[in-house]
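Order of listing sets the numbers, starting from 1, for every ligand and every atom in it. Residues: numbered from 1 along the sequence shown. Only this structure's heavy atoms are used, side chains among them; waters, hydrogens and symmetry mates stay out.
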Amino acid sequence: MIIGVPKEIKNNENRVALTPAGVAELRKSGHTVYVQASAGEGSGFTDQEYTQAGAGLLPTIEEVYSTAEMIVKVKEPIAQEYPLIKDNQLLFTYFHFASSEELTRAMIERGAVCLAYETVEKADRSLPLLVPMSEVAGRMAVQQGAKYLEKPMKGRGILLGGVPGVKPANVLILGGGIVGTQAAKMAAGLGAHVTIMDVSLPRLRYLSDIMPSNVVTVMSNEYNIREAVKTADLIVGAVLIPGAKAPHLITRDMLKTMRPGTVLVDVAVDQGGCIETCTPTTHENPTYVIDDVVHYCVANMPGAVPYTSTLALTNATLPYAIQLANKGWRQACRDNNELLLGLNVVNGKVVYKGVAETFGLPLTDVRDVLRQEELIA
Ligand SMILES: NC(=O)c1ccc[n+]([C@@H]2O[C@H](COP(=O)([O-])OP(=O)(O)OC[C@H]3O[C@@H](n4cnc5c(N)ncnc54)[C@H](O)[C@@H]3O)[C@@H](O)[C@H]2O)c1
């Protein structure tokens, strides 16, 4: 198969969909890979590394789209890429269709086969291509939190781990899933006193078993949150209710009960945020202050560490990309239900329920599409 890797052109996106190591793996399976010149630059990979791994270099994004049967990307195509997409071309990337009707209609119109990273799903309902970015964001939340607790950054002026003879900071983590667990590990490693709250008792039991002794688990409810925020130095919002907006666990009135210089990092901001006063910010201007409380609400935290994020993402996506390249999308999706669930839009038809419902579009059964495709292909 001919695989194309365009340079990401969405604002501030420095990740790339394949590393030179990924190119080498695909080449080993007999595929041809074209990478757009300087596509890996933002993540620290040179054109030379790609060519040494066996990729062909193409100077323009137009040539990548016109040459490739499968496009592997990181972010959804933006408007200037829509006309480049060919009928029947396979696009393997994050789409987040439900957040853009324009994108959904454009992909229907282009007749593309859209396999979305975010809906590839394992039998245990976990989302293997979202996990790596949650891991990055969870670890980063504490790194950022520690920085904004410094006085020049408008924080309380407290060192997370304290020093001998001085108490460490209190870190409160709301949600003990992927983000929360990674944040807790980082904060605990730095010596902070960490409290994780979750509504799932089995999850709290698990965390209590695996976490070091400076981490405690507490049931998440309004009473416990109100008490904990009064003495927290850093609060990390990491809740998720799948398919729904995040609940506002920290309400505006609670800010007045916090100590001046407390730092809030709402990682869940991409789902509406679990802190009422959080609105999305960018890496250029990540924080603002309300009632003397510092708010950090960057919606694409992994974008600040493209080297780590690219490697983490491609570790997870490459095995799927290889299946798609080896078998073609039809057979790969027939053989692997995880990939089948990634199909969102196929040759002008919406095949993912959530997307069809969000925009009131007709839903086609993905298996019917596959049966039809078999007759056509
Ligand atoms: N800002 C970013 O750059 C960025 C990056 C990655 C992920 N995220 C977001 O981070 C959030 C968390 O992702 P995740 O992968 O850790 O999800 P996850 O599903 O692994 O964990 C969510 C946890 O929240 C818990 N929860 C639900 N309701 C709760 C409540 N009322 N109180 C306490 N806990 C509650 C769940 O039981 C679960 O353990 C998501 O919104 C995700 O989109 C943001």
Side-chain angles (χ1 to χ4, degrees), residues 10 12-15 74-75 94 96 98-99 116-122 124-145 172-186 195-208 210-211 217-226 228-229 232 235-251 254 264-276 278-283 286-287 295-306 308-309 312-313 316:
K10 195 169 173 174
N12 261 310
E13 182 52 69
N14 287 300
R15 288 173 292 177
V74 178
K75 295 303 279 186
Y94 286 122
H96 294 289
S99 61
Y117 289 168
E118 69 275 8
T119 67
V120 171
E121 187 178 318
K122 285 183 174 285
D124 64 3
R125 307 222 57 195
S126 64
L127 304 169
L129 304 187
L130 279 183
V131 167
M133 292 306 103
S134 285
E135 289 171 336
V136 171
R139 290 187 174 213
M140 245 187 95
V142 170
Q143 189 169 310
Q144 294 302 312
L172 171 63
I173 298 173
L174 302 172
I178 312 283
V179 169
T181 304
Q182 296 304 319
K185 277 175 83 165
M186 290 296 275
T195 304
I196 309 179
M197 290 193 181
D198 203 293
V199 282
S200 160
L201 205 45
R203 187 71 190 167
L204 291 179
R205 281 200 186 100
Y206 167 76
L207 290 170
S208 165
I210 61 150
M211 285 289 164
T217 56
V218 174
M219 180 51 74
S220 174
N221 56 44
E222 189 183 334
Y223 186 90
N224 288 343
I225 293 172
R226 277 191 185 278
V229 298
I235 302 175
V236 177
V239 307
L240 177 67
I241 300 176
K245 272 192 78 175
H248 284 157
L249 300 183
I250 295 195
T251 48
M254 290 185 199
L264 309 180
V265 177
D266 198 350
V267 184
V269 66
D270 60 338
Q271 299 292 328
C274 60
I275 296 166
E276 190 179 5
C278 270
T279 48
T281 58
T282 60
H283 288 295
T287 59
H295 292 58
Y296 175 102
C297 317
V298 176
N300 67 330
M301 293 173 70
V305 286
T308 305
S309 299
L313 179 64

**Q** Do Asp198 and Ser200 pass the side-chain hydrogen bond (donor to acceptor under 3.5 Å, both in side chains) test, and can you show the C-alpha distance, the side-chain angles, and the key distance before you say yes or no?
**A** CA-CA 5 Å; Asp198 203 293; Ser200 160; 4.7 Å; no
**Q** Any N or O on Ser200 sitting closer than 3.5 Å to an N or O of ligand 1?
**A**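 There is no such contact.
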**Q** For the 3.5 Å polar cut-off, considering only N or O atoms, please tell me whether Ala137 and ligand 1 meet it.
**A** no
**Q** Would you tell me which option among Ala268, Gly177, Ser134 has the nearest heavy-atom contact to atom 14 (P) of ligand 1?
**A** Ser134
**Q** Answer with side chain, backbone, both or neither: which part of Met301 has a heavy atom less than 4.0 angstrom from an atom of ligand 1?
**A** both
**Q** Just go through Leu130, Leu207, Asp198 and tell me whose heavy atom is the nearest to atom 37 (O) of ligand 1.
**A** Asp198
**Q** Nearest non-hydrogen atom to atom 35 (C) of ligand 1 belongs to which of Val239, Asn300, Val269?
**A**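 Considering heavy atoms of Val239, Asn300, Val269, the nearest to atom 35 (C) of ligand 1 sits in Val239.
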**Q** Just distances here: any N/O of Pro302 and N/O of ligand 1 closer than 3.5 Å?
**A** no
**Q** Determine whether any heavy atom of Leu127 lies closer than 4.0 Å to an atom of ligand 1.
**A** no
**Q** Answer with side chain, backbone, both or neither: which part of Val267 has a heavy atom less than 4.0 angstrom from an atom of ligand 1?
**A** both
**Q** Only heavy atoms count here, so choose which of Val131, Ile241, Ile173, Val199 is nearest to atom 29 (C) of ligand 1.
**A** Val199
**Q** For residues Val298 and Asn300, determine if any side-chain heavy atom of one lies less than 4.5 Å from a side-chain heavy atom of the other.
**A** yes
**Q** Pair Thr282, Asn12 - check side-chain contact (heavy atoms from CB on, under 4.5 Å), show working.
**A** CA-CA 10 Å; Thr282 60; Asn12 261 310; over 6 Å; no
**Q** Looking at ligand 1, would Ala246 count as a contact under a 4.0 Å heavy-atom criterion?
**A**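 No.
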**Q** Please work out, at 4.0 Å between heavy atoms, whether the side chain, the backbone, both, or neither of Cys274 comes within that distance of ligand 1.
**A**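 Neither; nothing of Cys274 gets under 4.0 Å from ligand 1.
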**Q** Say whether Leu240, considering both its backbone and side-chain N or O atoms, lies within less than 3.5 Å of an N or O atom on ligand 1.
**A** yes
